[in-house]
Amino acid sequence: MQPARESLIYKPVSIVDRLPLDTMFGAQRPIEVELGAGDGSFLIAYASAHRDINFIGVERLLGRLRKIDRKGQRANLENLRLLRMEASYVAQFLLLPGSAKAFHIYFPDPWPKRRHWKNRLITPGFVEVLKRAMVPGGTVHLRTDDRPYFDQMLEVFSGNPNFEKIHTPPELLRFITDFERSFQERGISRNEVSYRLRAGGR
């Protein structure tokens, strides 16, 4: 009988103090964050292929988080930790300033009705939050199936002079989410874009 593996779900001692990134993982490596990890399809595959990077997966639904935890334990992902919290709260209040090498934000809730657009994650204010949490030269990778929301993403980032639009690395696009796989099967197109924080953008 194999010994039980330690859960990858990290429970902060405090939700008002910054995360102790130097002790959360067994080794210090660059940090990448997926906000809204879903069932972990992207996160598990990408973290498995890049064990030289520490990944934080953020997901507010406990059932999904437990599923990712089981997958991560089976894959022996010592470079993965999971947080059950709201994405915006983690980015703004828990990540250390200048700590994230990359953010992955894939298929966030599009809130399609105009009166609900205020609830969307990608806003000018949130882009500023990401900027403060990122290292200079860090990247934000975005994907959505919702064209109006994608247009808003483009508008918001293009309006922030601290970010420059770049090509999403083809290698990154090989790793897909559960939503993405479902959309592909139904013939729904994906929109993707990436942005880099300029060296002087802090």
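Using a 4.5 Å heavy-atom threshold, the side chains of Asn119 and Asp109 count as separate. A heavy-atom distance below 4.5 Å is found between the side chains of His50 and Phe55. Within the 4.5 Å cutoff, the side chain of Tyr106 has no heavy atoms near those of the Glu180 side chain. Put simply, the side chain of Leu19 does not reach to within 4.5 Å of the side chain of Leu96, judged on heavy atoms. Looking at Val129 and Phe126, their side chains come closer than 4.5 Å, going by heavy atoms from C-beta outward. Counting heavy atoms from C-beta on, the side chains of Leu130 and Leu197 never come closer than 4.5 Å.
For the residue pair Ser41 and Asp39, a side-chain donor N or O sits within less than 3.5 Å of a side-chain acceptor on the partner. Side-chain contact annotation: Arg29 with Asn54, donor-acceptor N/O pair under 3.5 Å present.
Smallest separation of non-hydrogen atoms from Ile53 and Asn79: O-ND2, 2.9 Å.
For the side chain to side chain contact (heavy atoms under 4.5 Å, CB included) test with Pro12, the passing option among Met24, Arg18, Met85 is Met85; the others fail. When each of Gln73, Lys67, Lys71 is paired with Asp69, the side-chain hydrogen bond (donor to acceptor under 3.5 Å, both in side chains) condition holds for Gln73 and for no other.
How far CG of Leu142 is from CZ of Phe103: 11.5 Å, rounded to the nearest 0.5 Å.
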task = Could you walk me through whether Arg81 and Leu8 pass side chain to side chain contact (heavy atoms under 4.5 Å, CB included), step by step?
result = CA-CA 5 Å; Arg81 295 294 181 271; Leu8 301 176; 3.9 Å; yes
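Ring geometry for His104 versus Phe42: interplanar angle of 30 to 60°, hence tilted.
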